[in-house]
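Throughout, protein chains are lettered first and strands after them, A, B, ... in sequence-line order, and every chain is numbered starting at 1.
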There are 2 protein chains.
Amino acid sequence: MTTVSAHGARPARDTRQRRAVEAALGRADGFRSAQDIHADLRAAGQRVGLTTVYRALQALADTGSVDTLRADDGENLYRRCGSVSHHHHLVCRGCGLTVEVESTAVERWAEGIAARHGFTEIRHSVEVSGSCTGCARAGSGIR
Amino acid sequence: MTTVSAHGARPARDTRQRRAVEAALGRADGFRSAQDIHADLRAAGQRVGLTTVYRALQALADTGSVDTLRADDGENLYRRCGSVSHHHHLVCRGCGLTVEVESTAVERWAEGIAARHGFTEIRHSVEVSGSCTGCARAGSGIR
DNA sequence: CTGCATGCAAAATGTTTGCACTCTA
DNA sequence: TAGAGTGCAAACATTTTGCATGCAG
């Protein structure tokens, strides 16, 4: 990490495509990949380049206004998230339903073991996935 | 995922390249990517195809004899791990030094919140990274 | 008017697959 | 000897980059 100023990046210019990406992100409930967003926009008649979607999403992530998550297959997923504070996700592998969960317990645990091993500049990622009630009932057509 | 029998896959045939990959994995301390292993072998004079390395690593992962981890940039990392039981990793972003940590606390937390939200078939991934004492001192030439 | 933003095409990455050949069991 | 394992090349999928053009500020 070379002098990265997390969160607060510069404002970013206000363009049609930028707004479109944000809107699409707002419309979605769960996490969406750049490609998903691109398809959504295209389906909605909005013409925005894939490259731009990637750049917009990246910019939003830098700002801290969207949450990032890496799917099991390596795809990057984004989601406009409600709480600004640090939190983790509980995602349904069946339908993508996402619940934001908070846990000072885990945070502390991470800090703790890291410190115990002499590590500094801690960063952690915690993802919990499963099958939500609906999908479990549907017979786990789980990914 | 279609009918995957986690862990105990079939024995796998004993070949030179298979052994080479396992050996390379054993030589390394931290996590290594398929490409890394391939380079290591090649450097050691061992001639093994990249494809084979990928396949061998995948096979080992299926067996459960190696740990898998996804790097920040999406690369898949592997490591021959000591404990067979479930555990997480504390990785140094500077040098790759890895410490295996166990935590029934986190396990329980994950199960708990998942259950609270009606989720079943829970799966979770927890990764903690930071800068180890050595690297911190060296002035965080952190990735 | 300045220069960040856009978008196309091309490049880069990491990983997988088709297929003929090799070698283990 | 049967069939798993190997390896090369080509296919793939996602993301990034070069560069000419467009538009916000």
Side-chain angles (χ1 to χ4, degrees), chain A residues 2 4-5 8-25 31-63 65-66 68-79 96 143, chain B residues 1-2 4-5 8-25 31-42 44-63 65-66 68-79 96 143:
Chain A
T2 40
V4 170
S5 53
R10 49 209 72 84
R13 210 166 273 189
D14 179 32
T15 69
R16 172 180 63 78
Q17 25 280 86
R18 222 85 155 183
R19 249 194 307 274
V21 171
E22 283 186 74
L25 221 31
F31 277 90
R32 317 241 39 181
S33 69
Q35 313 252 7
D36 285 343
I37 295 290
H38 182 243
D40 290 351
L41 292 176
R42 173 147 300 220
Q46 304 260 33
R47 190 124 292 138
V48 179
L50 177 58
T51 310
T52 302
V53 174
Y54 272 104
R55 286 196 273 232
L57 249 18
Q58 225 161 3
L60 287 170
D62 284 347
T63 302
S65 31
V66 295
T68 305
L69 179 61
R70 194 171 307 259
D72 278 357
D73 70 325
E75 239 185 325
N76 271 79
L77 304 179
Y78 302 86
R79 185 202 193 205
R143 304 176 205 166
Chain B
M1 202 196 277
T2 39
V4 170
S5 54
R10 51 204 69 69
R13 213 164 269 192
D14 180 31
T15 68
R16 172 180 63 78
Q17 23 281 85
R18 222 87 154 183
R19 250 194 306 275
V21 171
E22 283 186 75
L25 222 28
F31 277 90
R32 317 241 39 179
S33 68
Q35 315 250 7
D36 285 341
I37 295 290
H38 182 243
D40 291 350
L41 291 176
R42 173 147 300 219
Q46 306 260 33
R47 191 122 292 138
V48 180
L50 177 59
T51 311
T52 302
V53 174
Y54 271 105
R55 286 195 274 232
L57 250 18
Q58 224 159 7
L60 287 170
D62 284 348
T63 302
S65 31
V66 295
T68 306
L69 179 63
R70 193 170 308 259
D72 279 358
D73 70 325
E75 239 184 324
N76 271 16
L77 304 180
Y78 302 85
R79 184 201 193 206
R143 304 177 204 165

Sidechain-backbone polar pair: His38(A) side chain, Val53(A) backbone, donor-acceptor under 3.5 Å: no
Polar side-chain contact Arg16(A)-dG22(D) base: donor and acceptor under 3.5 Å: no
Nearest-angstrom distance from the residue atom NE2 of His38(A) to C1' of dT15(D): 13 Å
Of Thr15(B) and Ser33(B), the one whose closest DNA chain C nucleotide lies more 5': Ser33(B)
Whether Asp62(B) side chain and Ala59(B) backbone form a donor-acceptor pair below 3.5 Å: no
N/O (side chain, Gln35(A)) to phosphate O (OP1/OP2, dA13(D)) under 4.0 Å: no
Gln17(A) CD - dC8(C) C1' separation (whole Å): 14 Å
Arg70(A) CZ - dA13(D) C1' separation (whole Å): 14 Å
Presence of Gln58(A) side-chain N/O under 4.0 Å of dT15(D) phosphate oxygens OP1/OP2: no
OP1 or OP2 of dT6(C) under 4.0 Å from side-chain N/O of Thr51(A): no
OP1 or OP2 of dA4(D) under 4.0 Å from side-chain N/O of Arg55(B): no
Derivation of the side-chain contact (heavy atoms from CB on, under 4.5 Å) call for Asp14(A) and Arg19(A): CA-CA 7 Å; Asp14(A) 179 32; Arg19(A) 249 194 307 274; 2.5 Å; yes
Sugar-phosphate only, base, or nothing, as touched by Asn76(B) at under 4.0 Å among non-hydrogen atoms: sugar-phosphate
Val66(B) and Arg79(B): CA distance, side-chain angles, deciding distance, side-chain contact (heavy atoms from CB on, under 4.5 Å) verdict: CA-CA 5 Å; Val66(B) 295; Arg79(B) 184 201 193 206; over 6 Å; no
Polar side-chain contact Arg47(B)-dG7(D) base: donor and acceptor under 3.5 Å: no
Interatomic distance where CD belongs to Gln46(A) and C1' belongs to dG7(C) [whole Å]: 16 Å
Nearest-Å distance for atom pair CG/C1', residues Leu77(B) and dG14(C): 12 Å
Flag for Glu75(B)-Ser33(B): side-chain donor and acceptor within less than 3.5 Å: yes
Atom-to-atom span, CZ of Arg13(B) to P of dT24(C) - whole angstrom: 9 Å
Residue-phosphate contact under 4.0 Å: Tyr54(B) side-chain N/O, dT15(C) OP1/OP2: yes
Integer-rounded Å distance: dA9(D) C1' and Leu50(B) CG: 12 Å
Value in whole Å for how far the C1' atom of dC4(C) lies from CG of Asp62(A): 15 Å
